[in-house]
Amino acid sequence: MDTPVLSSTFFLTLLLMVGLFFFIRGSVKDRTEQRVYLTDTPDDSLFERLREYFDRRAYRVTSIDPSKNIVRLQGFVAPSTFLAIFLTTLAAFGFFCLSLVLSILYPVTSPYIFVLTLLSPGAGIFYWKKAGRLEDVAFKVEAKPDKTELTVKAHRDELRQLQDSLTFLERQ
């Protein structure tokens, strides 16, 4: 093979490894968002439905501020087994490809360079340790003249699940 082909293949493989690194790191990034919903449901009934919803989702109340109508909850979010295995598999393929390119570039190290693939479980372990964490949720209910306004601050997946479960909520 030509040296320019090998060097460009090595460069592209390194770029892919950098992308893989940031993808694995991004899998545990905090994605907290705040959304405002409107509903025709009275605020007392809405409080009760939210309490039931978050009880089912294993959240517990940590504080209530009655003057501002803010309720703070906390719950443990377990890491995904599928995602841990998926990230480990991606890392294994990435390290294998890097090892393959390095073995072609440096044939002397060829039998030993594939040991890099053994680093791939580190991606799954990293995800497992960082993804399992306590998530905070805060919501505020305000009665408006014609509707009730619900402001929720939570992880974006939790917000999506909330909107799907409580179909009477309209996003503002």
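Of the possible polar contacts, none joining the Tyr59 side chain to the Val137 backbone as a donor-acceptor pair under 3.5 Å is found. For the pair Tyr127 (side chain) and Ile85 (backbone), a donor-acceptor distance under 3.5 Å is absent. In this structure, the side chain of Ser45 does not engage the main chain of Pro42 through any donor-acceptor pair within 3.5 Å.
A pairwise comparison of heavy atoms in Gly132 and Phe76 identifies C-CE1, 3.5 Å as the closest pair. The two residues Ser27 and Leu87 come nearest to each other via the heavy atoms OG-CD1, 3.5 Å. Scanning both residues, Thr88 and Pro121, for their nearest heavy atoms gives CG2-CA, 3.8 Å. Of all non-hydrogen atoms in Leu20 and Ala91, the two that sit nearest each other are CD2-CA, 3.7 Å. In plain terms, the two heavy atoms of Glu149 and Val36 that are nearest each other are CG-CG1, 3.5 Å. Here the shortest heavy-atom pairing between Ser99 and Ile113 reads OG-O, 3.1 Å.
Rounding to the nearest 0.5 angstrom, the gap separating the CD atom in Glu142 from the CD1 atom in Ile70 is 8.5 Å. The distance from atom CG of Leu14 to atom OG1 of Thr9, rounded to the nearest 0.5 Å, is 11.0 Å. Atoms CD1 and NZ, on Ile125 and Lys129 in that order, are 6.5 Å from each other to the nearest 0.5 Å.
No path of Ile, Leu, Val, Met, Phe, Trp and Tyr side chains, each step under 4.5 Å between heavy atoms, connects Phe86 with Phe22, placing them in separate hydrophobic clusters. Taken together through direct or relayed side-chain contacts under 4.5 Å among Ile, Leu, Val, Met, Phe, Trp and Tyr, Leu162 and Val61 form part of one hydrophobic cluster. Hydrophobic clustering of Ile, Leu, Val, Met, Phe, Trp and Tyr side chains at less than 4.5 Å, counting indirect connections, unites Ile64 with Leu150. A continuous path of hydrophobic side-chain contacts links Leu90 to Phe114 [ILVMFWY only; heavy atoms under 4.5 Å]. A continuous path of Ile, Leu, Val, Met, Phe, Trp and Tyr side chains, each step under 4.5 Å between heavy atoms, connects Phe10 with Phe95, placing both in one hydrophobic cluster.
A side chain to side chain contact (heavy atoms under 4.5 Å, CB included) with Leu50 is found for one member of Asp55, Val71, Val141 and no other, namely Val141.
Phe93 has its side chain out of reach of Leu98: every pair of non-hydrogen atoms, C-beta onward, lies at least 4.5 Å apart. The closest side-chain heavy-atom distance from Asp40 to Thr148 is not below 4.5 Å. The shortest side-chain heavy-atom distance between Glu158 and Arg156 does not fall under the 4.5 Å cut-off. Annotation: side chain of Leu100 is not in contact with side chain of Cys97 (no heavy-atom distance under 4.5 Å). Phe126 places a side-chain heavy atom less than 4.5 Å from the side chain of Ile24. Between Glu135 and Gln74, every side-chain heavy-atom pair lies at or beyond the 4.5 Å cut-off. Here the side chains of Thr151 and Gln34 are in contact, with some heavy-atom distance below 4.5 Å. Two residues are said to be in side-chain contact when any heavy atoms from C-beta on lie closer than 4.5 Å; Lys130 and Arg25 fail this criterion.
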Tyr37 and Val152: side chain to side chain contact (heavy atoms under 4.5 Å, CB included), yes or no, with the steps?
CA-CA 8 Å; Tyr37 300 100; Val152 184; 4.2 Å; yes

Dump the intermediate steps for side chain to side chain contact (heavy atoms under 4.5 Å, CB included) on Thr81 and Trp128, then the final yes or no. CA-CA 8 Å; Thr81 305; Trp128 197 262; 3.7 Å; yes

query: Could you walk me through whether Arg35 and Glu33 pass the salt bridge (charged side-chain N to carboxylate O under 4.0 Å, His left out) check?
result: CA-CA 7 Å; Arg35 291 192 188 155; Glu33 294 179 4; 3.1 Å; yes

request  = Might you work through the salt bridge (charged side-chain N to carboxylate O under 4.0 Å, His left out) test for Arg72 and Asp136, ending with a clear yes or no?
outcome  = CA-CA 7 Å; Arg72 297 186 193 287; Asp136 293 319; over 6 Å; no

Task: Verdict with reasoning, Glu48 to Arg51, per salt bridge (charged side-chain N to carboxylate O under 4.0 Å, His left out) - done: CA-CA 5 Å; Glu48 184 60 30; Arg51 187 191 62 76; 2.6 Å; yes

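Within a 6.0 Å radius of OH in Tyr53, more than 12 heavy atoms belonging to other residues, nucleotides or ligands are found. Crowding of Lys153 atom NZ: a count of heavy atoms from other residues, nucleotides or ligands under 6.0 Å not exceeding 12. Annotation for Arg133: atom CZ counts as buried by contact number, over 12 foreign heavy atoms lying within 6.0 Å.
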